[in-house]
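Just so it is clear: chains get the letters A, B, ... in the order the sequence lines come, proteins before strands, and each one is counted from 1.
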Amino acid sequence: DQQVKQNSPSLSVQEGRISILNCDYTNSMFDYFLWYKKYPAEGPTFLISISSIKDKNEDGRFTVFLNKSAKHLSLHIVPSQPGDSAVYFCAASPREMNNNAGNMLTFGGGTRLMVKP
Amino acid sequence: NAGVMQNPRHLVRRRGQEARLRCSPMKGHSHVYWYRQLPEEGLKFMVYLQKENIIDESGMPKERFSAEFPKEGPSILRIQQVVRGDSAAYFCASSPSRGIDGYTFGSGTRLTVV
């Protein structure tokens, strides 16, 4: 029972163009969403997050959009750079729940982004 | 100003042996979380610990796996009698307080069972 899904295992984009990575979730208790970037042989590093009270959060070249009614979020990277090539994980948490569930992240399966020069 | 330190980075064990994975949290962090990433999958929560306490082990397999975070020293994830299906990357994260704020991951330990 995958509560967070990233349906595209890989994405290839030309340098300078926009990369759009998608993520769907099923648990309506999730109220906080994060994107992590992961290089081979390294741990995930935090990229950007969004609370369910917002529908957009922007940080430089990275923007995350949240559509609560569709239970869908997306990460936009523009312009894409070769150094952005990595695996991107979407993660979610029921952050405001006052129990142990708010201490853990539920991850999607990841999308491998390849940015071609 | 070291981050979350995990060792060893790579660990090879024969079936039936024990594996011990260590995690030292970031300075000032007293909350530790272990996640497992099977090949081609996302990370899955295993256990959440504070010093000398297991807070949530709902993601931990019931047999062969145990975790501790003693008063002194690193957190240890212990896998007894390893099997091939235990081969995975094991990541530790730490945070300064309860919850996901400030979650920082280590570089992981890649366990290979031969």
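Across every non-hydrogen atom of A:L73 and A:C90, the tightest pair is CD2-SG, 4.0 Å.
Following chains of ILVMFWY side-chain contacts shorter than 4.5 Å, one can reach B:M46 starting from B:F69, so the two form part of one hydrophobic cluster. Under the 4.5 Å side-chain contact rule for hydrophobic residues, B:I55 and A:L105 share a cluster. B:V32 and A:M104 fall into different hydrophobic clusters, where Ile, Leu, Val, Met, Phe, Trp and Tyr side chains are chained together by heavy-atom contacts under 4.5 Å.
Under a cut-off of 6.0 angstrom, the local environment of CZ in A:R17 is sparse, with at most 12 non-hydrogen atoms contributed by other residues, nucleotides or ligands. By the 6.0 Å contact criterion, NZ on B:K51 is enclosed, its count of non-hydrogen atoms from other residues, nucleotides or ligands being greater than 12. Counted within 6.0 Å of CZ on A:R61, heavy atoms from surrounding residues, nucleotides or ligands total more than 12; the atom is thus considered enclosed. The 12-atom threshold is exceeded at CZ of B:R22, counting heavy atoms of other residues, nucleotides or ligands nearer than 6.0 Å.
Between B:F45 and B:Y35, the ring-plane angle classifies as perpendicular under the 30° and 60° cut-offs.
A salt bridge does not link B:D86 with B:R13: none of the charged nitrogens is closer than 4.0 Å to a carboxylate oxygen.
With a 4.5 angstrom heavy-atom cutoff, B:S95 does not touch chain A via any of its atoms. Using a 4.5 Å cut-off between heavy atoms, B:Q6 makes no contact with chain A at all.
Within residues 105-114 of chain B, the residues having any heavy atom under 4.5 Å from a heavy atom of chain A are, by residue number, B:F105, B:G106, B:S107. Interface with chain B: from residues 35-51 of chain A, residues A:Y36, A:K38, A:A41, A:E42, A:G43, A:P44 qualify, criterion being any non-hydrogen pair under 4.5 Å.
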